[in-house]
Amino acid sequence: MEGVQLLLGFALLILASSLASAYDPSPLQDICVAIDEPKNAVFVNGKFCKDPKLAKPEDFFFSGLDQPGDTANRLGFKVTTVNVEQIPGLNTLGVSAVRIDFAPYGQNPPHIHPRATEILVVLEGTLHVGFVTSNQLNNTLIAKVLNKGDVFVFPIGMIHFQFNIGKTNAVAFAGLGSQNPGVITIANTVFGADPPINPDFLGKAFQLDPQVVKDLQNKFMNGD
């Protein structure tokens, strides 16, 4: 238990330090608590800002990252997100966090964060993680097996993944350099687009029979 608390503290330290190199523009004010009601508010960086004089502790607080996510799905993983939608006070601060739970052999499939670099720390279990460089660097796979206490960085915009190679559950925390990093899951995006991308085009791009592409599209568009 003491070790887990230590790692949690380390994860929070990582999260705090990421402010120094956050991707979002630097704020021009002390705080900018996001607010849905635009009356008497200022529109900054994607969210309206509450009058700073009306800010309260709850605007900068979230509870629940100690709770395991439900991994009972086809991929065996669950991401619990803490971004500007959960903590309005993150608006303009250029940072967010996630908890990722993995069932045995569960995976967070290849995806990208279009607006953020990610730094991940393993709290429990063993993960195989990695990212793939751009075409200019010959699509090189940079991968590593991580154990409890290990840290790995996924550069902004790079396709990356995490896979629990252990027989027990795994847990990781990550800090991301954006209040709203975004996520694009490659397979879901390509084969689950609505309306669907032309299967003949995808067949040529992926060197697959168009019928195979249609089968994949049917799976991803129906959430299978």
(message) Is there a path of hydrophobic side-chain contacts, each under 4.5 Å between heavy atoms of I/L/V/M/F/W/Y residues, joining V190 to F161?
(response) no
(message) Tell me every residue that passes side chain to side chain contact (heavy atoms under 4.5 Å, CB included) with F62, counting only those two or more places apart in sequence or in another chain.
(response) L65, V82, Q86, I87
(message) Membership question, hydrophobic clusters at under 4.5 Å side-chain separation (ILVMFWY): are V95 and V153 in the same one?
(response) yes
(request) Please answer: with hydrophobic residues joined when any side-chain heavy atoms are less than 4.5 Å apart, are F163 and V129 in the same cluster? (result) no
In residues 191-202, what donor-acceptor pairs under 3.5 Å come from side-chain atoms, sequence neighbours left out?
unit_1 : atom_1 : unit_2 : atom_2 : d
N198   : OD1    : D200   : N      : 2.7
N198   : OD1    : F201   : N      : 3.3

(request) Identify whether V79 and Y105 are in the same connected component of the hydrophobic contact network (ILVMFWY, side-chain heavy atoms under 4.5 Å). (result) no
(message) Side-chain heavy atoms nearer than 4.5 Å, only ILVMFWY residues, links allowed to pass through others: does that put L120 and I165 together?
(response) no
(message) If we check side chain to side chain contact (heavy atoms under 4.5 Å, CB included) with V151, which of these qualifies: V122, I119, L146?
(response) I119
(request) Answer yes if the side chains of T71 and D101 hold a donor-acceptor pair under 3.5 Å, and no otherwise. (result) no
(message) Just to verify, what does E85 make a side chain to side chain contact (heavy atoms under 4.5 Å, CB included) with, not counting sequence neighbours?
(response) K47, N83
(message) Keeping R99 on the side-chain end and G69 on the backbone end, is there a donor-acceptor pair under 3.5 Å?
(response) no
(request) Could you tell me which non-hydrogen atom of R115 sits nearest to which non-hydrogen atom of S178, and how far apart they are? (result) O-CB, 3.4 Å
(message) For N164, give me all partners under side chain to side chain contact (heavy atoms under 4.5 Å, CB included), at least two apart in sequence or on another chain.
(response) F102, L127, A170
(request) Ignoring hydrogens and angles, tell me if any N or O in the side chain of T117 forms a donor-acceptor pair with the backbone of G177 under 3.5 Å. (result) no
(message) Would you say the rings of H113 and F154 are close, in the sense that their centroids are separated by under 6.0 Å?
(response) no
(message) Please report the interatomic distance CD1(I112) to CD1(I186), rounded to the nearest 0.5 Å.
(response) 5.5 Å
(request) Give a yes or no answer on whether the side chain of N91 reaches the backbone of P88 with a donor-acceptor pair at less than 3.5 Å. (result) no
(message) Would the distance check show the side chain of D150 and the main-chain N or O of N147 forming a donor-acceptor pair, the cut-off being under 3.5 Å?
(response) yes
(message) Determine whether T80 and V98 satisfy the following criterion, side-chain contact (heavy atoms from CB on, under 4.5 Å), listing intermediate values before the conclusion.
(response) CA-CA 5 Å; T80 303; V98 297; over 6 Å; no
(request) Could I get the full list of ring-ring contact (aromatic ring centres under 6.0 Å, His included) partners for F77, not counting sequence neighbours? (result) none
(message) Go through it in stages, so that I can follow the logic: the residues are H111 and I184, the test is side-chain contact (heavy atoms from CB on, under 4.5 Å), and I'd like the CA-CA distance, side-chain angles, deciding distance and then a yes or no.
(response) CA-CA 5 Å; H111 62 282; I184 300 172; 6.0 Å; no
(request) State which residues pass side chain to side chain contact (heavy atoms under 4.5 Å, CB included) with Q211; sequence neighbours excluded, sorted by chain then number. (result) D209, K214, D215
